[in-house]
There are 2 protein chains.
Amino acid sequence: MAALKYSRQRESIKHFLAETKDHPTADAVYLHVKKEFPNISLGTVYRNLNLLTDIGEAVKIATPDGGDRFDGRVEPHNHFLCKKCGRLLDLDLDMRSLEEVNQLAAENFDGIIESSSTLFYGECSDCIKKSSQ
Amino acid sequence: MAALKYSRQRESIKHFLAETKDHPTADAVYLHVKKEFPNISLGTVYRNLNLLTDIGEAVKIATPDGGDRFDGRVEPHNHFLCKKCGRLLDLDLDMRSLEEVNQLAAENFDGIIESSSTLFYGECSDCIKKSSQ
DNA sequence: AACAATAATAGTAACGATTACTGTGATTAA
DNA sequence: TTAATCACAGTAATCGTTACTATTATTGTT
C-alpha cells in the first residue's frame with residue numbers, strides 16, 4: 001500500500017466535512033472547496049472522498065434518491081431523509097440502542113453482523129411547520 | 001394522475017420480483033424478463049420498477065456500492081450486505097423491534113418518523129464457511 | 001538547499017446507471 | 001370498432017463516477 005502524502009486539497013475537503021452538517025454530495029463538496037482552490041478538479045474531490053472513506057475518516061451514505069452523500073462524523077449514528085424536502089439529517093440513537101439492534105439482528109441471522117446503518121424516513125420539523133401555516 | 005393500464009411486461013417484472021429473493025438490480029431484472037420478452041427495452045424495465053416502487057408494490061434499496069436493488073417484498077423488513085461477496089440478503093426483525101427502533105428514534109428527533117430501513121454489514125454464513133476451510 | 005522518488009493534481013475522456021424522447025403498438029371504455 | 005390514451009421498443013441524452021495522462025507537489029535523503 002502506497003504511503004499517503006499530504007495535500008492541501010485533501011485537507012480542505014476534510015475541514016469542510018468536519019464543519020458542515022449538511023451531508024453534502026461530492027458535487028457540493030466540489031463547489032465549496034472550489035472557493036479556496038478555484039481550479040480543483042471534480043475527480044480530485046471524488047478520489048479524496050473515497051480515500052477518506054477507505055481510511056475511516058469519512059462515511060459514504062447511500063440514499064434511494066440520487067447520488068451518495070458524505071459525512072465527516074464517523075462515529076456510528078443514523079440518518080433521516082425528509083420525504084418532502086429531501087434533506088438528510090443526523091439522527092442519534094444512544095449507543096445501547098444501536099448495539100441492541102445489531103444483537104437482535106444477529107439472533108435471527110446466520111452470519112456475522114459487524115455494523116449497521118439505519119435510514120429513517122418521514123417529514124422534518126421545517127416541513128411540518130410550513131405545511132401547518 | 002393518468003390511469004394505469006395493464007401490460008404483460010409489467011406483469012412479468014412483478015412476477016419475477018415476487019418469486020426471487022435475490023434483490024436484483026434493474027439490469028438483472030432486464031436480463032430475466034428478456035427470456036419471456038426478447039425485445040423488451042431496458043427503459044421499460046426502469047420505468048416499471050420505478051412505477052411499482054411509487055405505487056408501493058416494490059421497494060428500492062440503495063447500497064453504498066453500486067446500483068440500486070429492487071425487492072418485491074414490501075412489508076417492512078431489513079437487509080444485510082456481505083462485505084466479502086457483496087450479496088444482499090433479507091434480514092427480519094420482529095415487528096415489535098422494528099417499531100421500537102422507530103419510537104426510540106422519534107424521541108430524539110423533532111419531525112415525524114414514518115418508517116425506517118436498516119442495512120446491516122458483515123460477513124454472510126457462506127463466506128464464513130469458505131474462509132474456515 | 002538540491003535531488004530523486006513518487007504521490008497527488010488538473011484536465012479530459014470514458015464509463016455505467018438511469019432518464020428522456022419519439023414514433024408505433026396495446027389496452028381500455030364507450 | 002372506434003377513439004383516446006397509456007405503454008412499448010429503440011435510441012439518444014444525462015448524470016454521477018471513475019480512469020487516464022502529463023504536470024506539479026510533497027517527502028526523505030544527500
Side-chain angles (χ1 to χ4, degrees), chain A residues 1-17 22-55 57-71 81 86-88 119, chain B residues 1-17 22-55 57-71 81 86 88:
Chain A
M1 52 196 85
L4 202 62
K5 268 179 188 169
Y6 172 92
S7 95
R8 284 168 292 156
Q9 290 89 335
R10 183 188 308 133
E11 218 57 21
S12 176
I13 291 168
K14 264 170 70 174
H15 284 140
F16 178 54
L17 284 186
D22 269 1
H23 309 90
T25 61
D27 198 61
V29 174
Y30 171 65
L31 290 175
H32 181 93
V33 178
K34 209 174 166 61
K35 292 173 193 165
E36 191 179 351
F37 296 91
N39 53 358
I40 194 173
S41 163
L42 184 56
T44 296
V45 173
Y46 271 103
R47 184 164 23 77
N48 279 298
L49 287 173
N50 286 332
L51 176 61
L52 293 172
T53 299
D54 287 345
I55 64 178
E57 297 192 13
V59 174
K60 189 189 281 195
I61 308 159
T63 71
D65 57 338
D68 293 335
R69 317 288 199 96
F70 292 87
D71 194 342
L81 183 62
R87 250 183 306 182
L88 190 67
L119 186 55
Chain B
M1 50 197 88
L4 202 61
K5 267 178 190 171
Y6 172 92
S7 93
R8 283 168 294 155
Q9 290 87 337
R10 184 189 307 136
E11 217 57 22
S12 176
I13 291 168
K14 262 169 73 173
H15 284 139
F16 178 53
L17 284 185
D22 270 1
H23 309 90
T25 61
D27 198 61
V29 173
Y30 172 66
L31 290 176
H32 181 93
V33 178
K34 209 174 167 58
K35 292 173 193 165
E36 191 179 350
F37 296 93
N39 52 358
I40 194 172
S41 163
L42 184 54
T44 296
V45 173
Y46 272 103
R47 184 163 24 77
N48 279 298
L49 287 173
N50 286 332
L51 176 61
L52 292 172
T53 299
D54 287 345
I55 65 177
E57 296 192 14
V59 173
K60 189 189 280 194
I61 308 159
T63 71
D65 57 338
D68 294 335
R69 317 288 199 96
F70 292 88
D71 194 341
L81 183 62
L88 190 67

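Within every chain, numbering begins at 1; the chains are lettered A, B, ... in the order of the sequence lines, protein sequences first and strands thereafter.
- In terms of modelled atom types and a separation under 3.5 Å, the side chain of His32(B) and the main chain of Ala28(B) share no donor-acceptor contact.
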Apply the test side chain to side chain donor-acceptor pair (under 3.5 Å) to residues Ser12(B) and Glu36(B): give CA-CA distance (whole Å), side-chain angles for both, the deciding distance (0.1 Å), then the verdict. CA-CA 8 Å; Ser12(B) 176; Glu36(B) 191 179 350; 2.9 Å; yes

When you check every protein heavy atom under 4.0 Å of nucleotides 4-16 of chain D, what one-letter string (B, S, -) results, 5' to 3'? -BSSBBB-----S

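- Residues Thr63(A) and Asp65(A) bring a donor and an acceptor atom of their side chains to less than 3.5 Å of each other.
- When rounded to the nearest whole Å, the span between OH of Tyr30(A) and P of dT12(C) equals 11 Å.
- Across the protein-nucleic acid pair, Glu11(A) atom CD and dA8(C) atom P stand 13 Å apart, rounded to whole Å.
- Judged as a side-chain contact (heavy atoms from CB on, under 4.5 Å), and not counting sequence neighbours, the contacts of Ile55(B) are Leu4(B), Leu51(B), Leu52(B), Glu57(B).
- Phosphate contact (OP1/OP2 of dT17(D), side-chain N/O of Asn50(A), threshold under 4.0 Å): absent.
- Shortest non-hydrogen contact noted between Ala58(A) and Leu17(A) is CB-CD1, 3.9 Å.
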